[in-house]
Amino acid sequence: MERPSVQVAVVLEREARPNAWEDWRFRIVEVVEQQEAFGTEPRLLFDDGKSSRWMFPAHTVELFRDEGEGYYLNLTSGQPVWFVMWRVDEADPSRAAVEAITLSYNEAGRWLDAQERVDNVPLQPHLVAWLEAYTAQHYKPEPKRRQRPASFLSPDERGRR
(Lines give C-alpha, C1' and ligand atoms only; values in the text may rest on other atoms or scores of the structure.)
Protein backbone atom coordinates (compact mmCIF):
# COMPACT_ATOMS: atom_id res chain seq x y z
CA MET A 1 0.00 0.00 0.00
CA GLU A 2 1.43 3.34 -1.05
CA ARG A 3 1.68 6.07 1.59
CA PRO A 4 0.74 9.68 0.89
CA SER A 5 3.91 11.69 0.35
CA VAL A 6 5.28 14.97 -0.91
CA GLN A 7 8.69 15.77 -2.38
CA VAL A 8 10.35 18.85 -0.89
CA ALA A 9 13.53 20.90 -0.95
CA VAL A 10 15.00 22.63 2.10
CA VAL A 11 16.90 25.92 2.12
CA LEU A 12 19.53 26.17 4.86
CA GLU A 13 21.33 29.41 5.71
CA ARG A 14 24.84 29.65 7.13
CA GLU A 15 26.17 32.78 8.81
CA ALA A 16 29.90 33.26 9.44
CA ARG A 17 30.99 34.56 12.86
CA PRO A 18 27.56 35.67 14.09
CA ASN A 19 29.07 36.53 17.49
CA ALA A 20 32.22 36.14 19.57
CA TRP A 21 31.32 32.59 20.66
CA GLU A 22 30.36 30.96 17.36
CA ASP A 23 32.29 30.46 14.14
CA TRP A 24 29.14 29.43 12.26
CA ARG A 25 25.39 29.64 12.78
CA PHE A 26 22.91 27.61 10.75
CA ARG A 27 19.15 27.91 10.39
CA ILE A 28 16.45 26.46 8.17
CA VAL A 29 14.98 29.23 6.01
CA GLU A 30 12.17 27.41 4.20
CA VAL A 31 10.80 24.13 2.94
CA VAL A 32 9.31 24.25 -0.56
CA GLU A 33 7.76 21.66 -2.81
CA GLN A 34 10.27 19.97 -5.10
CA GLN A 35 10.56 21.18 -8.68
CA GLU A 36 12.38 19.37 -11.47
CA ALA A 37 14.77 22.32 -11.91
CA PHE A 38 16.07 21.81 -8.34
CA GLY A 39 17.74 18.52 -9.28
CA THR A 40 18.66 15.98 -6.64
CA GLU A 41 22.02 17.17 -5.27
CA PRO A 42 22.64 19.90 -2.68
CA ARG A 43 23.76 23.16 -4.24
CA LEU A 44 24.90 26.62 -3.26
CA LEU A 45 22.30 29.31 -3.99
CA PHE A 46 24.07 32.37 -2.59
CA ASP A 47 27.33 33.30 -0.87
CA ASP A 48 28.54 36.82 -0.05
CA GLY A 49 31.30 35.79 2.33
CA LYS A 50 29.26 36.55 5.47
CA SER A 51 26.21 34.41 4.78
CA SER A 52 25.31 31.70 2.33
CA ARG A 53 22.24 29.66 1.41
CA TRP A 54 22.21 26.05 0.34
CA MET A 55 19.36 24.04 -1.17
CA PHE A 56 18.91 20.40 -0.21
CA PRO A 57 16.41 19.03 -2.76
CA ALA A 58 14.60 15.74 -3.32
CA HIS A 59 13.51 14.82 0.20
CA THR A 60 10.40 12.67 0.48
CA VAL A 61 8.04 13.29 3.39
CA GLU A 62 5.67 10.34 3.88
CA LEU A 63 2.64 10.16 6.13
CA PHE A 64 2.28 7.15 8.44
CA ARG A 65 -0.89 6.03 10.22
CA ASP A 66 0.92 5.45 13.50
CA GLU A 67 2.08 9.08 13.55
CA GLY A 68 -1.52 10.37 13.59
CA GLU A 69 -1.24 11.83 17.07
CA GLY A 70 1.93 13.71 16.07
CA TYR A 71 0.20 15.18 13.01
CA TYR A 72 -2.79 16.12 15.15
CA LEU A 73 -0.55 17.90 17.69
CA ASN A 74 1.20 19.79 14.88
CA LEU A 75 -2.12 20.84 13.34
CA THR A 76 -3.59 21.99 16.65
CA SER A 77 -0.49 23.90 17.75
CA GLY A 78 -1.75 27.17 16.26
CA GLN A 79 0.80 27.27 13.44
CA PRO A 80 1.45 23.93 11.66
CA VAL A 81 5.09 23.53 10.68
CA TRP A 82 7.66 21.39 8.93
CA PHE A 83 10.17 19.87 11.36
CA VAL A 84 13.64 19.65 9.80
CA MET A 85 16.49 17.69 11.39
CA TRP A 86 19.96 18.75 10.30
CA ARG A 87 23.54 18.03 11.32
CA VAL A 88 26.84 19.88 11.22
CA ASP A 89 29.55 18.05 9.27
CA GLU A 90 32.01 16.67 11.86
CA ALA A 91 34.95 16.89 9.42
CA ASP A 92 34.11 20.46 8.32
CA PRO A 93 32.09 22.49 10.88
CA SER A 94 31.49 25.20 8.26
CA ARG A 95 29.08 22.82 6.52
CA ALA A 96 25.75 21.32 7.55
CA ALA A 97 23.28 19.03 5.84
CA VAL A 98 19.58 18.27 6.08
CA GLU A 99 19.02 14.73 7.34
CA ALA A 100 15.25 14.29 7.68
CA ILE A 101 11.92 16.13 7.51
CA THR A 102 8.61 15.32 9.18
CA LEU A 103 5.19 16.76 9.90
CA SER A 104 4.86 14.80 13.15
CA TYR A 105 5.28 16.68 16.41
CA ASN A 106 6.05 13.38 18.17
CA GLU A 107 8.77 12.36 15.72
CA ALA A 108 10.41 15.78 16.06
CA GLY A 109 10.27 15.32 19.83
CA ARG A 110 12.06 11.97 19.55
CA TRP A 111 14.80 13.64 17.47
CA LEU A 112 15.19 16.36 20.10
CA ASP A 113 15.33 13.72 22.84
CA ALA A 114 18.21 12.15 20.89
CA GLN A 115 20.06 15.51 21.00
CA GLU A 116 19.55 16.22 17.29
CA ARG A 117 19.18 19.74 15.90
CA VAL A 118 15.62 20.40 14.77
CA ASP A 119 14.25 23.63 13.31
CA ASN A 120 10.73 24.33 12.19
CA VAL A 121 9.29 26.54 9.48
CA PRO A 122 5.65 27.25 8.58
CA LEU A 123 3.72 24.69 6.57
CA GLN A 124 2.07 26.05 3.43
CA PRO A 125 -1.77 26.37 3.65
CA HIS A 126 -2.54 23.86 0.88
CA LEU A 127 -0.34 21.29 2.63
CA VAL A 128 -2.04 22.05 5.94
CA ALA A 129 -5.32 21.05 4.24
CA TRP A 130 -3.67 17.89 2.87
CA LEU A 131 -2.37 16.95 6.34
CA GLU A 132 -5.73 17.76 7.96
CA ALA A 133 -7.56 15.46 5.53
CA TYR A 134 -5.14 12.59 6.21
CA THR A 135 -5.27 13.11 9.97
CA ALA A 136 -9.09 13.29 10.02
CA GLN A 137 -9.26 10.00 8.13
CA HIS A 138 -6.67 8.09 10.16
CA TYR A 139 -6.61 9.53 13.69
CA LYS A 140 -9.23 9.89 16.39
CA PRO A 141 -8.11 11.51 19.67
CA GLU A 142 -8.77 9.41 22.76
CA PRO A 143 -11.69 10.71 24.81
CA LYS A 144 -10.70 12.56 27.97
CA ARG A 145 -10.97 10.48 31.09
CA ARG A 146 -12.67 11.64 34.25
CA GLN A 147 -10.18 12.93 36.78
CA ARG A 148 -10.37 11.04 40.02
CA PRO A 149 -10.91 13.17 43.10
CA ALA A 150 -7.94 13.87 45.31
CA SER A 151 -8.45 11.43 48.19
CA PHE A 152 -6.56 13.59 50.65
CA LEU A 153 -9.13 16.42 50.38
CA SER A 154 -12.50 16.42 52.10
CA PRO A 155 -15.51 16.17 49.76
CA ASP A 156 -16.29 19.87 50.38
CA GLU A 157 -12.76 20.94 49.38
CA ARG A 158 -12.78 18.79 46.24
CA GLY A 159 -15.57 20.85 44.67
CA ARG A 160 -13.58 24.10 45.01
CA ARG A 161 -10.62 22.96 42.91
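- Between W130 and P4, the closest side-chain pair of non-hydrogen atoms falls below 4.5 Å.
- For D92, the side-chain hydrogen bond (donor to acceptor under 3.5 Å, both in side chains) partners are S94, not counting sequence neighbours.
- Listed by chain and residue number, nothing satisfies the salt bridge (Lys or Arg N to Asp or Glu O under 4.0 Å) test with D48 (two or more places apart in sequence, or in another chain).
- Partner of I101 under the side-chain contact (heavy atoms from CB on, under 4.5 Å) criterion, out of F83, F56, W82: W82 alone.
- With rounding to the nearest 0.5 Å, the separation of CH2 in W24 from CZ in R14 is 4.0 Å.
- With sequence neighbours left out, E116 forms a salt bridge (Lys or Arg N to Asp or Glu O under 4.0 Å) with R87.
- The salt bridge (Lys or Arg N to Asp or Glu O under 4.0 Å) analysis of residues 120-132, with sequence neighbours excluded, yields no pairs.
- Partners of E13 under the salt bridge (Lys or Arg N to Asp or Glu O under 4.0 Å) rule, at least two apart in sequence or in another chain, are R27, R53.
- Residues passing the ring pair (Phe, Tyr, Trp, His ring centres under 6.0 Å) test with Y105, sequence neighbours excluded: none.
- Applying the salt bridge (Lys or Arg N to Asp or Glu O under 4.0 Å) rule to R25 yields the partners E15, E22; only residues at least two apart in sequence or on another chain are considered.
- The ring pair (Phe, Tyr, Trp, His ring centres under 6.0 Å) search around W86 returns F26, not counting sequence neighbours.
- Screening residues 31-45 for salt bridge (Lys or Arg N to Asp or Glu O under 4.0 Å) gives no qualifying pairs among residues at least two apart or on separate chains.
- Remark: T135 OG1 to L75 CG distance equals 5.0 Å, nearest 0.5 Å.
- Within a 6.0 Å radius of CD in E90, no more than 12 heavy atoms belonging to other residues, nucleotides or ligands are found.
- Residue pairs that meet the salt bridge (Lys or Arg N to Asp or Glu O under 4.0 Å) test with at least one member in residues 67-77, sequence neighbours left out, are E67-R110.
- The side-chain hydrogen bond (donor to acceptor under 3.5 Å, both in side chains) check on E99 picks up nothing, with sequence neighbours excluded.
- G39 and Q34 make their closest contact through O-NE2, 2.9 Å (heavy atoms, listed as atom of the first residue, atom of the second, distance).
- When the ring pair (Phe, Tyr, Trp, His ring centres under 6.0 Å) test is applied to Y72, the partners found at least two apart in sequence or on another chain are Y139.
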